[in-house]
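Written out below as structure tokens is the structure these notes cover.
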2 protein chains.
Amino acid sequence: MTYAIAEAAHRSGLSIDTLRYYERIELIDPPARDSGGRRAYSDDDLNWLAFLTRLRTTGMPIKLMREYARLRHQGVASAAPRKRILERHREDVLARLADLRSCLDVLDYKIDNYERMCAAETTELREATA
Amino acid sequence: MTYAIAEAAHRSGLSIDTLRYYERIELIDPPARDSGGRRAYSDDDLNWLAFLTRLRTTGMPIKLMREYARLRHQGVASAAPRKRILERHREDVLARLADLRSCLDVLDYKIDNYERMCAAETTELREATA
DNA sequence: AGTTGACCTGGAGTGCACTCCAGCTTCTAC
DNA sequence: GTAGAAGCTGGAGTGCACTCCAGGTCAACT
């Protein structure tokens, strides 16, 4: 099964331009081409894209993704360094999760304050117009 | 208590340049100045900076922070719209937390795979050299 | 009085991750 | 056989959030 670029974009959640951009910067391998010279993405291509978008979602910079992609080409021999990249990245993600959660607490606290402020105001208003 | 810009930078975790930048774009009010025309940040200034950095950590774009800062100047009257901004942002943060967690699962899965790959390789090596 | 270091201003430059564009080709449908 | 949609290329442009710089001021120490 192969997919035209529009379909690949749709399935990966990336834009057509971004797919071509990722190819240019060697984040993905040039996909096969159909008889008319158009890109024909394979399921493997899409799987790799899906993984890349996860890395992106977790905030991995493109440079590091490229490094990872480069290692992938070396096959099994590069399993160890690839693992190291993912492990380090995992730590980053965990740290960010913790940060996010603690900021969320502050946000909740603030919202709660506004809640009370608005409630107080409403009460005042009711009393004033009573 | 007031703080020179270097101290304010240190305490807020922002760079000196970023502090001046935030002032230029009206994210923070111009702090007081000492006799020599140098910025003298107050505790209030630092508290506001601390909150801004939380918003930043949670990925709020500067534009929205500016909007929030603008509303703040209108005092109590703007409590409701400010609350709305924080509530919407809270939803964003929750969504990102969920995304991050699900991506983390994929990451864990991949790392686990590499774990097995490396273990298998080691075993092979041991067998080959035995 | 002179040197050093922190700070000042306005403006230019940077890095990242796309995003858009002009001008061209190729398939599909009528 | 022609119109329109989808895709192609190389290169330029965008938005965001800083970051850096030149050239100057000010205060404190020696």
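Letters A, B, ... mirror the listed sequences (proteins, then strands); counts begin at 1. Note: hydrogens, waters and symmetry copies are ignored here, and every other heavy atom, side chains too, is used.
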Note to self: For a 4.5 angstrom cut-off between non-hydrogen side-chain atoms, does A:M60 reach A:I85?
What the structure shows: yes
Check: So which of residues 5-20 of chain A are in contact with DNA chain D, with a heavy-atom cut-off of under 4.0 Å?
Finding: A:I5, A:A6, A:I16, A:R20
Checklist line | Test item: side-chain donor near acceptor, A:S102 and A:D105, under 3.5 Å | finding: no
Item checked: Selection: residues 59-67 of chain A, any non-hydrogen atom under 4.0 Å of DNA chain C -> A:P61, A:I62
Check: Around atom CZ of A:R88, are there more than 12 heavy atoms of other residues, nucleotides or ligands at under 6.0 Å?
Finding: no
Margin query: From OH of A:Y21 over to C1' of C:dG15, roughly how many Å is that when rounded to an integer?
Written below: 10 Å
Checklist line | Verdict with supporting geometry, B:L55 and B:L86, side chain to side chain contact (heavy atoms under 4.5 Å, CB included) | finding: CA-CA 9 Å; B:L55 293 183; B:L86 294 191; 4.3 Å; yes
Check: Any side-chain donor-acceptor pair under 3.5 Å between B:D43 and B:Y3?
Finding: yes
Note to self: Any residue in residues 30-52 of chain B with a heavy atom nearer than 4.0 angstrom to DNA chain D? Just list them by number, or reply none.
What the structure shows: B:S35, B:G36, B:R38
Margin query: The test is salt bridge (charged side-chain N to carboxylate O under 4.0 Å, His left out); show your working for A:K63 and A:E67 and say whether it passes.
Written below: CA-CA 6 Å; A:K63 261 198 177 182; A:E67 169 72 3; over 6 Å; no
Margin query: Please report the distance, rounded to the nearest Å, between CD in B:E23 and P in C:dC7.
Written below: 14 Å
Notebook entry, point to check: Considering only side-chain heavy atoms of A:R24, which listed nucleotide, C:dA17, D:dA17, D:dA12, is closest?
Noted result: D:dA12
Item checked: Short side-chain N/O contact to C:dC18 OP1/OP2 from A:Y22, under 4.0 Å -> yes
Next item on the list: Kindly assign one of parallel, tilted or perpendicular to the pair A:W48 and A:Y68, based on the angle between their ring planes and the thresholds 30° and 60°.
Entry: parallel
Checklist line | Candidate pair B:R33 and B:R38, rule side chain to side chain contact (heavy atoms under 4.5 Å, CB included), full reasoning | finding: CA-CA 5 Å; B:R33 297 289 177 130; B:R38 289 168 185 160; 5.7 Å; no
Checklist line | Flag if over 12 foreign heavy atoms under 6.0 Å of CZ, A:R70 | finding: yes
Check: Considering all heavy atoms of both residues, which atom of B:I28 and which atom of B:L19 are nearest to each other, and what is their separation?
Finding: CD1-O, 3.7 Å
Next item on the list: Might you work through the side chain to side chain contact (heavy atoms under 4.5 Å, CB included) test for A:L104 and A:Y109, ending with a clear yes or no?
Entry: CA-CA 8 Å; A:L104 190 63; A:Y109 173 78; over 6 Å; no
Next item on the list: Grab the OH-P distance between B:Y3 and C:dC7 for me, whole Å please.
Entry: 15 Å
Next item on the list: Specify the separation, in whole Å, of atom CD1 of A:I25 and atom P of C:dT19.
Entry: 13 Å
